[in-house]
Number of protein chains: 2
Amino acid sequence: MTKYEQIADIIRERIKKNEYPVHSQLPKQSLLAEEFSASRETIKKAIDLLTMEGLVYAQRGSGTVVLNRPFSQKEASPATEYYGLTALMEKEERSVDSDIILFDVTFPNQHIQEKLHITATQAVYHIIRLRRVDNQPYILEHIYMPVHLVPHLTEDILKQSIYDYLKNELDLKFAGAYRMIQADKSDSFDQTYLNCEVTDPILEVEQVVYLKNGQLLEYSRSRNRFDVRGYSVLDLQ
Amino acid sequence: MTKYEQIADIIRERIKKNEYPVHSQLPKQSLLAEEFSASRETIKKAIDLLTMEGLVYAQRGSGTVVLNRPFSQKEASPATEYYGLTALMEKEERSVDSDIILFDVTFPNQHIQEKLHITATQAVYHIIRLRRVDNQPYILEHIYMPVHLVPHLTEDILKQSIYDYLKNELDLKFAGAYRMIQADKSDSFDQTYLNCEVTDPILEVEQVVYLKNGQLLEYSRSRNRFDVRGYSVLDLQ
DNA sequence: TAGTGGTCTAGACCACTAC
DNA sequence: TAGTGGTCTAGACCACTAC
């Protein structure tokens, strides 16, 4: 762990313990630099981390104040979300399992070609998977992945966590994801598998996942039961 | 504008013009430092900006590659969103107007007290406002703001952009917003004002807006017609 | 093992705020 | 005008990658 991360951890703890109360000023950067035997640039990097978490706000000319923000929000943040539902639910000690409704290899239609930046002759997996949390239907996923990026995908893997396999077995490195969140009416497919009413809406998360080398790994639409899931976003500046 | 922002602008232009094509390596930091007569730390800050935009990916040991990401996504990003719908729609040359359905001053119930971190004796505005874009119903907003932060709010201001007033007249400085996005069934209130069907869902954005001094300015629930609006998020790392 | 980006420093100058 | 944070530098050392 870097020095500025360690310093940020210490300051975060002090805020938690009310040693730096809400609305109070943090000691000025040069004092913190002295205390931690660090340069001011390093202190700045630590404070930048806390700023990005929404814990403090630094203003040129008038110091750095502690903001009024509950800590719990961090866990609801989407930042870690594409490590998969399994990882997310593990923290809360809830069980996740999956039904494979479709597992097919096909050629992409134009929409999928555009989303994944591939040609009509590059085969893709087409997966429909129902995810249950604590044995309750939760999300119906429609996933497309280029076959050449994920050879040897099997039903067994799909029943567990795809992301564990991609990360640990194939050693793929994720750069990030672009998501579009919208509400939709449920269709009969949703109603069947998510066990929801005709009048129930759906929270759909459309997602494109990027690898560190710039390749597009996944295009998916995750259809969430409206009553079990929200999506939180923290915007700064 | 800072030097590192200027350098980021130049590199961004080069990527746009394909001088640094997708999947190619950027020149190494020390070369860029030489070219721009800057230190490597300053180049690093410029590249960090581009990384946060999702344009490049820097990896210790193997250089910085140009990612495959359309530029248009930046405009869809939520980062600028809480400057208000008026500003967002102005870019697209679409008209925005508002009906004031309720404009009241009241004492906050427990839920609002918790969201705004105020006591039961601190008065709040309670506003319900219907926003139309190009004369079509778009969003039904339920807004709560502490009166002491926004004195002299009037119906006239509500009919225009609240944010213009807060920024330009009251000189309030925004630090950020925390949002929760979810799907919901429409209720009869939504159906009346948003002119939607009984079976239409709603995309609800629940929001808390923070000022730079740490005060909480606004708690609101914006109920969007499901067929006109989505919400985009870019996650990195 | 060579080459890359990540971090860190000490000191400097500047922009902005609050009085 | 005093005091704060923001930026910038030149140089150093290190971690990681790819061969």
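To find a chain, count down the sequence lines: A is the first, B the second, and so on, and within it residues start at 1.
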Think [X] has a side-chain N or O under 4.0 angstrom from the OP1 or OP2 of [N]?
X: B:K45; N: D:dG6; answer: no
X: A:Y4; N: C:dC8; answer: no
X: B:K3; N: D:dG6; answer: no

Distance (rounded to the nearest 0.5 Å) between B:D104 CG and B:I128 CD1:
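One finds 9.5 Å between CG of B:D104 and CD1 of B:I128.
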
From A:I11 CD1 over to A:F36 CZ, what is the distance, rounded to the nearest 0.5 angstrom?
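Reported to 0.5 Å precision, the distance equals 5.0 Å.
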
Expressed in angstrom and rounded to an integer, what is the separation of [X] atom [atom1] from [N] atom [atom2]?
X: A:F36; N: C:dT7; atom1: CZ; atom2: P; result: 18 Å
X: A:E41; N: D:dC8; atom1: CD; atom2: P; result: 10 Å
X: B:D48; N: D:dC8; atom1: CG; atom2: C1'; result: 15 Å
X: A:I43; N: C:dG11; atom1: CD1; atom2: P; result: 16 Å
X: B:E5; N: D:dG6; atom1: CD; atom2: P; result: 13 Å
X: A:M1; N: C:dG6; atom1: CE; atom2: C1'; result: 16 Å
X: B:Q6; N: D:dC8; atom1: CD; atom2: C1'; result: 13 Å

Report, as yes or no, whether the 6.0 Å neighbourhood of atom [atom1] on [X] holds more than 12 heavy atoms from other residues, nucleotides or ligands.
X: B:E5; atom1: CD; answer: yes
X: A:Q110; atom1: CD; answer: no
X: A:H111; atom1: NE2; answer: yes

Verify whether one side chain among A:S39 and A:E41 offers a donor that lies under 3.5 Å from an acceptor in the other.
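There is no such pair between these side chains.
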
In terms of side-chain heavy atoms, does B:Y219 have a donor or acceptor partner in B:E206 at a distance below 3.5 Å?
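Result is yes, a qualifying pair exists.
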
Electrostatic pair B:R12-B:D9, nearest N-O below 4.0 angstrom
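Salt bridge: yes.
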
Tell me whether B:K28 is salt-bridged to B:E35, with the criterion being a basic N under 4.0 Å from an acidic carboxylate O.
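Judged by the 4.0 Å cut-off on N to carboxylate O distance, B:K28 and B:E35 do not form a salt bridge.
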
Using a 3.5 Å limit for the pairing distances, which stems of at least 3 consecutive Watson-Crick or G-U wobble pairs does DNA chain D take part in?
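Looking at DNA chain D, the stems formed by three or more consecutive pairs are C:1-18 with D:1-18.
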
List, with names and distances, any nitrogen or oxygen atoms from the protein found under 3.5 Å away from nitrogen or oxygen atoms belonging to nucleotides 1-5 of chain D.
residue, atom, partner, partner atom, Å
D:dG3, N2, A:G61, O, 3.2
D:dT4, OP2, A:K28, NZ, 2.4
D:dT4, O2, A:G61, N, 3.0
D:dG5, OP2, A:Q29, N, 3.0
D:dG5, N2, A:R60, NH1, 3.2

